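Structure first, then comments.
Small disclaimer: the values here were computed from a predicted structure and weren't measured. Values reported hereafter were calculated over all heavy atoms of this structure, with side chains retained and with hydrogens, waters and symmetry mates removed.
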Amino acid sequence: CVHRMPTRSILRVVNRDTVVVMDPDEEKPYLDQVQGRTKSRRYTFDVAFSGTASNAEVYEATGKGLISSVVNGMNSTVFAYGATGSGKTHTMIGNYDEPGMMFLSLVDIFNQIDAMKEEYEFEVSCSYLEVYNELIYDLLVVESSPLELREDPERGPVPVGLTRIAVRCADDITKLLHEGNERRSIDYTEANATSSRSHAVLEIGVKRWARRAGGKEKQVLCGKLSLVDLAGSERASDTLNSGQKLRDGANINKSLLALANCINALGR
């Protein structure tokens, strides 16, 4: 018979921007008590959410502000980053009862298109891929073979043969998102029973042009929203992985480090 100790949350969100990690030691040594020493830590962000926050609340405070820029020809990217089992896939994809940021972004895109349809015409398309062990697979295709990455002079790096589908409303993509997510590479670890072993990227492309060009050449604005559900960072000592799963975890951590270095360089 295995007796498990009751768990308790040691995280507190303060003033909507500060996360406090409480001291996990309930019984402190005498010297710690006298000198007031503590292991608690405070971390400040632009916005922080408690464990009861819904996907809609997270989206309203983060990704929603990017939508108008995308509709007006800008490129934007949202990353879900964190340890394995922290809820990244739930936040990005969600489920039919509580849709995630991918679906909510499309809803807002089409709401803005509807408000501008008298003046502009639009074309919206989506692609959905995963990066697993440094290979790219099409999640909109059953049993996709690895796709080759090539450099396009106008669009940059492009996976050759990646499926792009025309989308006319947010509901068009909902079923495909869930089907694609079921094709993702997942595996059991001691840290997470359904750990995503790949990075998944939903790319939403928006093209816009004026309805009345007045005989002038049609000028097309192209915006892109990339929504990235990263694989979870992990420690081998926590996951107890070995063999292929251990190699997967090493590749995941290596790619996350490369991404962090890239973002740090861009932010300087």
Distance, nearest 0.5 Å, that separates [atom1] of [X] from [atom2] of [Y]:
| X | Y | atom1 | atom2 | answer |
| --- | --- | --- | --- | --- |
| Thr62 | Phe49 | OG1 | CZ | 5.5 Å |
| Lys254 | Leu259 | NZ | CG | 14.5 Å |
| Glu121 | Met116 | CD | CE | 12.5 Å |
| Leu176 | Ile165 | CG | CD1 | 4.5 Å |
| Leu139 | Leu202 | CG | CG | 10.0 Å |
| Phe79 | Met92 | CZ | CE | 9.5 Å |

Are [X] and [Y] grouped together when hydrophobic residues (ILVMFWY) are joined by side-chain heavy atoms under 4.5 angstrom apart?
| X | Y | value |
| --- | --- | --- |
| Val14 | Val58 | no |
| Val158 | Val141 | no |
| Val124 | Leu221 | no |
| Tyr81 | Ile263 | yes |

Can you name the side-chain hydrogen bond (donor to acceptor under 3.5 Å, both in side chains) partners of Ser145, sequence neighbours left out? none
[X] (side chain) donor-acceptor with [Y] (main chain) under 3.5 angstrom:
| X | Y | value |
| --- | --- | --- |
| Arg211 | Lys117 | yes |
| Glu98 | Asn55 | yes |
| Asn264 | Ala260 | yes |
| Arg16 | Val13 | no |

How would you list all residue pairs meeting salt bridge (charged side-chain N to carboxylate O under 4.0 Å, His left out) that involve residues 102-113, not counting sequence neighbours? Lys64-Asp108
Restricting to pairs with a member in residues 157-169, which pass salt bridge (charged side-chain N to carboxylate O under 4.0 Å, His left out), not counting sequence neighbours? Arg164-Glu203
Applying the side chain to side chain contact (heavy atoms under 4.5 Å, CB included) criterion to Ile204, which one of Cys126, Ser125, Ser127 satisfies it? Cys126
My understanding is that only one of Leu129, Leu256, Ile136 makes a side chain to side chain contact (heavy atoms under 4.5 Å, CB included) with His199; could you say which? Leu256
Side-chain donor-acceptor pairs of residues 69-77 under 3.5 Å, sequence neighbours excluded:
unit_1	atom_1	unit_2	atom_2	d
Asn72	OD1	Arg208	NH1	2.7
Asn72	ND2	Ser68	O	2.7
Asn75	OD1	Lys224	N	3.2

Phe45 vs Tyr43 aromatic rings, parallel, tilted or perpendicular, using cut-offs 30° and 60°? tilted
Specify the closest pair of heavy atoms between [X] and [Y], including all atoms of both residues, with the distance to one decimal.
| X | Y | value |
| --- | --- | --- |
| Ser144 | Tyr137 | O-CD2, 3.4 Å |
| Ala170 | Leu106 | CB-CB, 4.0 Å |
| Ala48 | Val19 | CB-CG2, 3.8 Å |
| Gly161 | Asp138 | O-OD2, 4.1 Å |

List in chain and number order the residues that pass side-chain contact (heavy atoms from CB on, under 4.5 Å) with Asn15, two or more places apart in sequence or in another chain; answer none if no residue qualifies. Asp17
For residues 90-113, which residue pairs pass the ring pair (Phe, Tyr, Trp, His ring centres under 6.0 Å) check, not counting sequence neighbours? Tyr96-His178
